[in-house]
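Chain naming here is simple, since letters A, B, ... match the order of the sequence lines and numbering starts at 1 in each. The figures that follow rest on heavy atoms only: side chains count, while hydrogens, waters and symmetry mates do not.
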Amino acid sequence: MNIKVAKLNSEQAHCLTNCCCDSSGSRYNPIKDGDGDYIITEAEINATTNPETMWVKSLPLSTYIPLNTA
Amino acid sequence: MNYSDKLAEISEKIAKNIGLPCENAVCIMRRQGNGAQLITTRNGRTVAVNASVPFGGYIRHEGNVMVKRAQGCATHEYQTLCYAVVHKRDGDSLELADMVAAAIINSNTRERIEVMDIDRIYEEIMDEELANVQVIPTQGNLALVRVRFTITFTLLDCELMPKICAAIPPPPPIPPTDLQMFFDNTGITDPAIIAPITVFYNTAAGRSYRPKTPIFYPFVGGNADAHKYNLFNPYDTDAANRLTFFGGGLHTANGYAPNGLNAYANTYYTEIGNAVVGRGNLGYYSRTNTGSVQTCDIGSNDGANSTNIFPRVTIVMPDRLYLRHGSAGAQFVGGQTQTIRLYQCNRVSPTEIRARINGAFVVAMEPFIAQCTRVHYIAALNNVGTAQFYSARQLGCAFIANDGFTDAELIDFETDVNALMTALGRAV
């Protein structure tokens with residue numbers, strides 16, 4: 001799964017959970033990656049127009065680390 | 001004294017007692033069916049009955065409606081002090097009265113016309129209190145519009161009528177149909193989308209499955225703001241099952257593309273209180289073929305009962321279709337080779353799920369009858385309140401029905417959805 005994501009700290013993840021990213025009512029859905037860190041996807045960052053959450057656009061992107069399902 | 005008698009007496013009184021020259025006339029509107037009829041009297045005698053005006057503000061809609069002619073009436077030209085009596089239904093607005101008044105006054109000023117109850121007018125006219133009457137909104141079935149200045153007008157095919165009608169305030173907006181509201185709310189103006197959606201909508205309206213199906217998401221418009229709307233109830237509310245998208249799914253001209261990682265949509269639909277117990281249908285049109293992966297495209301699980309579709313999973317064995325509808329146990333159908341096109345997880349029987357998957361009936365025994373208490377998600381399973389088993393299959397549409405479809409309805413729905421997908425260029 002080659003998806004670009006941005007890592008979040010717990011406070012940031014809590015802030016974004018259920019928060020609208022744009023005027024359509026679409027919301028962020030922070031989840032944990034294989035390192036145990038919270039992430040949101042590049043698509044959520046690109047869709048962001050909410051003035052309160054524009055800070056997500058400055059987050060560095062990296063490739064998603066899948067959960068270890070072994 | 002009844003309405004007609006009062007009307008006649010008012011007309012006679014006005015003609016005789018307000019000092020009009022003999023060539024002047026009184027014009028009265030009276031109720032005729034769903035409209036109002038213009039009655040012209042002269043010196044107390046009815047000289048013309050014509051100009052039937054439909055009630056309720058459709059004057060502009062019909063164009064020059066004041067030119068309708070009763071048989072035998074000639075063209076008249078009047079200078080008159082005009083009293084127009086307009087019969088209105090309780091609860092209706094006064095658009096007709098206002099517009100008739102506007103038509104009448106347009107040739108002079110734009111002074112606002114009030115209305116008053118015919119009983120009040122009757123009393124005042126009989127008491128010869130004709131000037132400066134204080135009008136009040138009517139509570140009864142009759143309204144009187146009083147025009148306190150003269151006009152000149154010709155009743156039939158006159159040059160003045162188009163000018164008067166052109167100046168009539170536009171009728172109140174006709175409440176949009178759900179379909180038009182859908183287009184308005186989604187902002188869709190592309191004929192290439194409007195046409196197939198309209199065909200689908202109208203075709204579905206004539207199908208027996210339609211009353212069972214409160215929810216259909218066509219995912220047209222190419223963005224989240226458009227894709228969220230339920231075609232069959234296009235209000236931007238949870239109660240209308242407007243979707244809320246979560247996570248990083250993409251919205252394109254081909255529908256909703258979840259990412260299999262954190263994207264899903266909340267339908268706000270629960271079977272409790274909506275679906276018939278032990279019956280129902282839900283599903284989607286998938287445009288993506290995947291292998292055997294533990295991903296769910298629609299549904300929920302409350303920990304005891306479930307309704308959902310996993311189109312191709314590995315549970316004990318690979319390539320199994322996992323169906324649940326009001327189930328306490330999973331039902332599997334093996335040998336799945338693809339995950340595309342229309343899935344209908346349908347239940348009409350206490351003992352089995354009778355699904356329709358990509359052109360074929362699929363029957364799975366199901367002895368439990370229950371309802372899931374959780375809201376259904378799309379592109380993931382609502383697993384006891386948490387989104388899990390995220391799907392990456394692009395969806396051309398999704399739907400939920402409150403009752404199970406018959407075999408014929410399953411086929412009809414499949415036919416209509418396939419036609420829609422083809423017309424939208426989404427068929428796979």
Side-chain angles (χ1 to χ4, degrees), chain A, chain B residues 185-187 217 219 221-230 235-238 240-252 256-268 288 290-291 293-295 313-314 377-383 385-394:
Chain A
M1 183 177 286
N2 187 22
I3 295 180
K4 292 293 184 185
V5 299
K7 287 187 183 270
L8 308 167
N9 59 39
S10 296
E11 183 181 350
Q12 291 171 329
H14 178 74
C15 174
L16 293 180
T17 299
N18 258 328
C19 180
C20 289
C21 63
D22 61 18
S23 60
S24 75
S26 298
R27 303 182 188 184
Y28 300 99
N29 185 24
I31 60 170
K32 285 193 174 180
D33 66 5
D35 287 343
D37 298 321
Y38 282 103
I39 58 99
I40 56 171
T41 65
E42 182 180 20
E44 292 164 273
I45 294 172
N46 290 340
T48 295
T49 57
N50 182 352
E52 300 294 321
T53 60
M54 293 297 280
W55 55 265
V56 300
K57 293 185 179 292
S58 64
L59 296 172
L61 296 176
S62 58
T63 300
Y64 170 70
I65 300 172
L67 295 171
N68 186 355
T69 57
Chain B
N185 288 348
T186 55
Y217 303 111
F219 299 132
N223 58 71
D225 213 7
H227 286 185
K228 70 186 183 182
Y229 282 99
N230 172 8
Y235 291 88
D236 193 359
T237 64
D238 298 352
N241 304 109
R242 175 266 297 114
L243 293 170
T244 296
F245 292 103
F246 290 80
L250 296 179
H251 300 272
T252 72
Y256 172 50
N259 58 13
L261 179 61
N262 74 339
Y264 70 99
N266 185 347
T267 69
Y268 300 98
T288 309
T290 62
V293 291
Q294 253 71 337
T295 57
V313 298
T314 296
Y377 288 170
I378 290 175
L381 176 72
N382 178 0
N383 198 10
T386 300
Q388 292 182 329
F389 306 108
Y390 295 99
S391 170
R393 284 176 283 272
Q394 186 181 55

> Which atom names give the shortest non-hydrogen contact between Ala43(A) and Gly248(B), and what distance separates them?
Replying inline: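 Heavy atoms only, the tightest pair is CB-O, 3.4 Å.
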>> Counting only non-hydrogen atoms closer than 4.5 Å, does Tyr390(B) touch chain A with its backbone (N, CA, C, O), its side chain (CB onward), both, or neither?
In response: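 Contact with chain A is through the side chain of Tyr390(B) alone.
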> Can you tell me how far NZ of Lys228(B) sits from OG of Ser26(A), rounded to the nearest 0.5 angstrom?
Replying inline: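 Between atom OG of Ser26(A) and atom NZ of Lys228(B) there are 7.5 Å.
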> Counting only heavy atoms not in Tyr268(B), do more than 12 fall under 6.0 Å of its OH?
Replying inline: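 More than 12 within 6.0 Å, yes.
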> Using a distance-only test with no angle check, is there a side-chain donor-acceptor pair under 3.5 angstrom linking Asn259(B) and Tyr64(A)?
Replying inline: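 Judged by distance alone, the side chains do not pair up.
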> Would you say Leu261(B) and Val5(A) make side-chain contact, with heavy atoms under 4.5 Å?
Replying inline: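 Counting from C-beta outward, Leu261(B) and Val5(A) do come under 4.5 Å.
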>> Would the distance check show the side chain of Asn29(A) and the main-chain N or O of Phe246(B) forming a donor-acceptor pair, the cut-off being under 3.5 Å?
In response: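 No, the answer is negative, given that no donor and acceptor are paired below the 3.5 Å cut-off.
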